[in-house]
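For reference, the structure is listed below as structure tokens.
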Amino acid sequence: IRSGIRFDYVLEDTKSHFLQELADYHVSGQLRVAPEHVADKVLEKMGKPSHKVYLEFLKQYYACCKKSGKEQYAVPYFMSSHPGCGLKEAVELAEYIRDMGFMPEQVQDYYTGLDPRTMEKVYVPVKPHEKNMQRALIQYRRPENRKLVEEALVRAGRQDLIGFGPKCLIRPYDGRRTQKAENLKTQNGHIGNNGKNGRGNQNQQSNGRQQKQHMGKKKTIRNVHKKR
């Protein structure tokens with residue numbers, strides 16, 4: 001079995017050993033499951049249980065894998081731009097993916113304008129640019145997504161995720177260039193303007209002496225005729 005497991009149904013089955021048998025005999029390394037999101041606001045629109053149910057499934061699944069002595073993983077499906085999902089919820093999903101330690105290769109998009117259960121209007125990111133930002137947040141490690149990720153974080157008021165800390169999604173572009181320039185200055189010996197290093201002053205003085213010596217030895221047409 002590679003996919004198709006309803007993890008919420010599995011947790012409801014408390015009398016059988018289905019999950020242990022699944023881990024023992026029916027998983028070939030990876031089990032694909034579909035939590036689809038982590039924000040409870042979005043999961044409610046999907047008709048799915050809260051995120052803590054998925055976390056409990058993972059806990060029991062990995063316990064069964066450990067008991068069977070097999071190194072097996074659960075690979076989640078995620079969905080961007082679902083009804084009810086704004087940039088705030090998209091950033092929440094990106095943070096969860098960051099903590100997983102790997103990035104999904106495929107992302108699904110979905111949208112409609114109504115809740116089919118109540119026929120009430122639901123916020124949907126229909127503009128292509130916002131949909132692209134939400135998708136980029138899920139795959140924030142890709143270099144081509146950097147500008148979209150930065151714009152999304154700024155719009156969501158989550159500039160705290162732009163920096164050099166372990167929880168940051170991306171690094172500040174200007175800060176990176178500045179740091180690189182400072183490193184080059186340090187390597188070349190140009191530290192401050194107080195002259196403590198002195199390497200730059202020594203080079204300038206040496207070049208000045210060489211220029212003076214060269215000018216003193218320069219031959220002109222007038223000097224050549226006088227020597228003769």
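Values reported hereafter were calculated over all heavy atoms of this structure, with side chains retained and with hydrogens, waters and symmetry mates removed.
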Are side-chain heavy atoms of [X] and [Y] found at a separation under 4.5 Å?
X	Y	result
L169	I162	no
Y9	D13	no
F78	V38	yes
P76	M100	yes
L31	V75	no
I170	L153	yes
V126	K131	no
L137	L93	no

Taking all non-hydrogen atoms of both residues, which atom of [X] and which atom of [Y] are closest, and how far apart?
X	Y	result
L87	A156	CB-CB, 4.1 Å
G163	P172	CA-CD, 3.4 Å
A136	V149	O-CG2, 3.5 Å
G84	V122	N-CG1, 3.4 Å
P125	Q134	CG-NE2, 3.5 Å

- Query: Hey, mind stepping through E92 and V42 against side-chain contact (heavy atoms from CB on, under 4.5 Å) and telling me if it holds?
  - Reply: CA-CA 11 Å; E92 185 178 347; V42 181; over 6 Å; no
How long is the gap from [atom1] on [X] to [atom2] on [Y], to the nearest 0.5 Å?
X	Y	atom1	atom2	answer
H129	K127	NE2	NZ	10.0 Å
T14	L19	OG1	CG	12.5 Å
R141	N145	CZ	CG	13.0 Å
H37	E44	NE2	CD	13.5 Å
M133	S80	CE	OG	12.0 Å
D40	E89	CG	CD	10.5 Å

- Worked check of side-chain contact (heavy atoms from CB on, under 4.5 Å) between H82 and E36: CA-CA 9 Å; H82 191 277; E36 295 184 342; 5.9 Å; no
- Sorted by first residue and then second, give each side chain to side chain donor-acceptor pair (under 3.5 Å) pair with at least one member in residues 63-73; sequence neighbours left out. E71-Y73
- Query: Among pairs that include at least one residue of residues 152-161, which meet side chain to side chain donor-acceptor pair (under 3.5 Å), considering only residues two or more places apart or in two chains?
  - Reply: E95-R158, E151-R155, R158-D160
- Query: Taking only residues two or more places apart in sequence, or in another chain, which ones meet Y96 in a ring pair (Phe, Tyr, Trp, His ring centres under 6.0 Å)?
  - Reply: H51
- Message: Using the rule given for side-chain contact (heavy atoms from CB on, under 4.5 Å), can you reason through R98 versus L161, listing the C-alpha separation, both sets of side-chain angles and the distance that settles it, and then say yes or no?
- Response: CA-CA 11 Å; R98 172 201 64 199; L161 295 176; 3.7 Å; yes
- Item | Plane angle bin for F7 and Y54 - parallel if under 30°, tilted between 30 and 60°, otherwise perpendicular | perpendicular
- Please lay out, stage by stage, how Y77 and V33 fare under the test side-chain contact (heavy atoms from CB on, under 4.5 Å). CA-CA 6 Å; Y77 288 111; V33 290; over 6 Å; no
- Task: Test salt bridge (Lys or Arg N to Asp or Glu O under 4.0 Å) on E150 and R146 and set out the steps.
- Result: CA-CA 6 Å; E150 182 177 13; R146 194 204 169 282; 2.8 Å; yes
